[in-house]
Amino acid sequence: WAHARAQVLFDLTEKLFDTVLIRLRRGQYVWYFSQHHLVTDVDSFRQVFHKVGEFYQRSIDGTLAEVAELPAYLDVVTLPVAPATADYWQQQSVGPIALYKRSAGQLSPRTRRVSCELGSERTAALKKLSMSAESAALTPALSLFNLVSGIFLAYLHRVSGQQQLAIATPAHGRSTRILKETVGLFIELFPMLAELSWDETFASLLTKVSEASGQLLRHVQPGASEFTPGRDINVVLNFIHSKLSDFAGMPVKADWIHAGAGDPGHHLRLQVHDFDNRGSLQLHFDFNEDLFESELQDRAPAHFLALVDAILADRMQPIAAVALVGEEERSHLMSLGQCAPEHQMVVSQSVVQQFESQVAKTPDAIAMPCENQQLTYSQLNDRANQLAYYLQQQGVKAESPVGICLRRSPDMLVTIWAVQKAGGAYVPLDPSHPSERISHILQDTQVRWVLTHSALKPVLNSAINDFSHGATQFISLDT
């Protein structure tokens, strides 16, 4: 019933809230309370919840008339944003995160929520770690926020492959006693930035996060969000400290009903809370349905939890070393690539042998047109054979990794076939990638030869300078 009720659209000309009280049995009730986000935020909701509880108790005690008048939203006065604060936010440069390599322009607001619970044991361990690790801050709440933010950034780094990350996180905007007592919308989203290296550890990332959250808090001011590049951020972390522990002394269990819609610019929103103060953090992953298929949405929280368990086990370990895919998911993914017996093909030739068979059948046919150049199958095969022989003379043998750093061209196709004919395994290196990324790939694969063009050697030299690996040999195809 509540989920269906939450789908009903508000009539903005009438009211922006919906409330229903349902009696289940004697002494047990459900209070359904829905508000449009135009008029509320989580602190406002908490204020309404506690005030209604107070009014209820006063009505029983006969003291309802003694309730003090609440501050009016229209009477709120905020100070102009300080020029230094505006300048700080205007200087920030952010960009979207390609989650699971996905990006899109226009999306619908349809979102799906996938929820999980950390449990009391994990939550207690995170709280303990947050106060003793690099995330430690002035308050336990801020320390835990830093730790969860660090894990979330590690997750985003792993599923996007990006080093520069920016997430949006809300500031409550209630800096005075009057504002804290006022019902209405005051939160504003502010960016929090981090740059991760390829060998980043959890501990080193937490140090960066603590610095980033400190910078955020120093420059948060009501109204300052209009100076931030907020529309360029597509991921939100909403870490909620508010508790709804009781209603006029009666125990309460809160359920957050997701309406199935959200800002289409937010591809993912992670909501973290413990409304009932049970000592177990609740995680809600709100995915844009246009961008992520349901199967991936269901699998994604496990990737995040793998990083939670990893940081609890050893925060000094590299983030890249953590296995995100568990055995169950791995088996499922492997099964997707298996054909039923009646559809299986018997492969009697290698890829190279199949290519050479095609060359024998159609030697003069065009194998590859590229702008004003073209190669026939015979020409492509001859050039690949020549290069393959040269690579073997240089020491390339079965399964030797050989880097290919070229832009799209006939030479790229020649080198791919040549490496395979020589028995090696080609390692693609995109010359448009940052030198740090290329350096990481070279280190990880221990490439000894890189096929390239002379114009791209500066890119490779920069990458080589990032680590000590003088054995790498550049082979220029145009000299």
Side-chain angles (χ1 to χ4, degrees), residues 97-102 116 118-119 121-123 125-126 128-130 132-136 144 146-167 193-212 235 237 268 270 283 285 296 299-334 399 401 403 425 427-430 433-448 463-464 466-469 471-472:
I97 300 173
L99 297 161
Y100 294 95
K101 306 299 181 181
R102 288 161 168 76
C116 63
L118 287 186
E121 186 175 339
R122 269 197 189 118
T123 300
L126 285 175
K128 181 179 179 180
L129 178 62
S130 71
S132 59
E134 293 74 9
S135 58
L144 188 57
N146 286 343
L147 181 56
V148 172
S149 298
I151 299 171
F152 192 42
L153 286 165
Y155 164 77
L156 297 174
H157 170 64
R158 286 295 304 274
V159 302
S160 71
Q162 294 177 217
Q163 291 180 275
Q164 294 184 327
L165 302 171
I167 61 174
L193 288 68
E195 182 171 356
L196 285 71
S197 62
W198 296 113
D199 58 350
E200 196 82 57
T201 66
F202 287 106
S204 62
L205 175 56
L206 291 178
T207 299
K208 294 178 180 180
V209 170
S210 295
E211 172 61 25
V235 178
L237 171 61
L268 169 63
L270 175 59
L283 307 180
F285 294 80
L296 176 57
R299 290 190 285 113
H303 303 159
F304 181 86
L305 294 178
L307 291 163
V308 172
D309 292 334
I311 195 172
L312 290 175
D314 179 13
R315 72 178 189 275
M316 305 307 294
Q317 66 177 303
I319 295 169
V322 180
L324 297 191
V325 178
E327 285 303 317
E328 182 177 350
E329 182 182 358
R330 187 184 303 278
S331 298
H332 170 68
L333 293 175
M334 292 295 290
E399 299 185 9
V427 179
L429 302 166
D430 191 334
H433 282 177
S435 63
E436 294 86 355
R437 173 63 176 165
I438 297 175
S439 174
H440 173 74
I441 296 173
L442 292 173
Q443 277 186 290
D444 192 46
T445 58
Q446 293 296 297
V447 163
R448 287 183 53 199
I464 289 294
D466 289 339
F467 73 102
S468 178
H469 191 17
T472 301

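Values reported hereafter were calculated over all heavy atoms of this structure, with side chains retained and with hydrogens, waters and symmetry mates removed.
A distance of 8.5 Å separates CD in Glu329 from CG in Leu324, rounded to the nearest 0.5 Å. Atom OH in Tyr100 sits 4.5 Å away from atom NE2 in His303 (nearest 0.5 Å). Between the CG atom of Asp430 and the CD1 atom of Ile441 there is a distance of 8.5 Å, given to the nearest 0.5 Å. Considering CZ of Phe152 and CG of Leu268, their distance stands at 4.5 Å, rounded to 0.5 Å. One finds the CG atom of Leu126 at 11.0 Å from the CD atom of Glu121 (value rounded to the nearest 0.5 Å). One finds the CG atom of Leu153 at 8.0 Å from the CG atom of Leu237 (value rounded to the nearest 0.5 Å).
Taking each heavy atom of Leu193 and Ala166 in turn, the nearest pair found is CG-CB, 4.2 Å. Contact between Val427 and Pro401 at its shortest, heavy atoms only, is CG2-CB, 4.0 Å. Across all non-hydrogen atoms, the minimal contact from Leu307 to Ala154 is CD1-C, 3.9 Å. When every heavy atom of Glu200 is checked against every heavy atom of Leu205, the shortest pair comes out as OE2-N, 3.5 Å. For Ser130 against Ser135, the heavy-atom pair with the smallest separation is O-OG, 3.2 Å.
Residues Leu118 and Leu305 are in side-chain contact: their nearest non-hydrogen atoms beyond the backbone lie under 4.5 Å apart. You'll find the side chain of Phe202 reaches within 4.5 Å of the side chain of Val322, heavy atoms only. Using a 4.5 Å cut-off on side-chain heavy atoms (C-beta onward), Gln163 and Glu436 make contact.
With hydrogens and angles ignored, the 3.5 Å screen pairs a side-chain donor or acceptor of Ser160 with a backbone N or O of Leu156. Although no hydrogens or angles enter the test, the distance criterion places a donor-acceptor pair under 3.5 Å between the side chain of Ser210 and the main chain of Glu134.
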task = Could you walk me through whether Asn146 and Leu206 pass side chain to side chain contact (heavy atoms under 4.5 Å, CB included), step by step?
result = CA-CA 7 Å; Asn146 286 343; Leu206 291 178; 5.8 Å; no
task = Any chance you could lay out the side chain to side chain contact (heavy atoms under 4.5 Å, CB included) test for Arg122 and Asp309, step after step, and finish with the verdict?
result = CA-CA 8 Å; Arg122 269 197 189 118; Asp309 292 334; 2.8 Å; yes
query = Hey, mind stepping through Leu270 and Tyr155 against side chain to side chain contact (heavy atoms under 4.5 Å, CB included) and telling me if it holds?
reply = CA-CA 12 Å; Leu270 175 59; Tyr155 164 77; over 6 Å; no
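Below 30°, between 30° and 60°, or above 60°: for Trp198 and His157 the angle between ring planes is between 30° and 60°, a tilted geometry.
Applying the side-chain contact (heavy atoms from CB on, under 4.5 Å) test between Ile319 and each of Leu196, Thr201, Ile311, Asp199 identifies Leu196 as the sole match.
The environment of CD in Gln164 is sparse: at most 12 heavy-atom neighbours from other residues, nucleotides or ligands sit within 6.0 Å.
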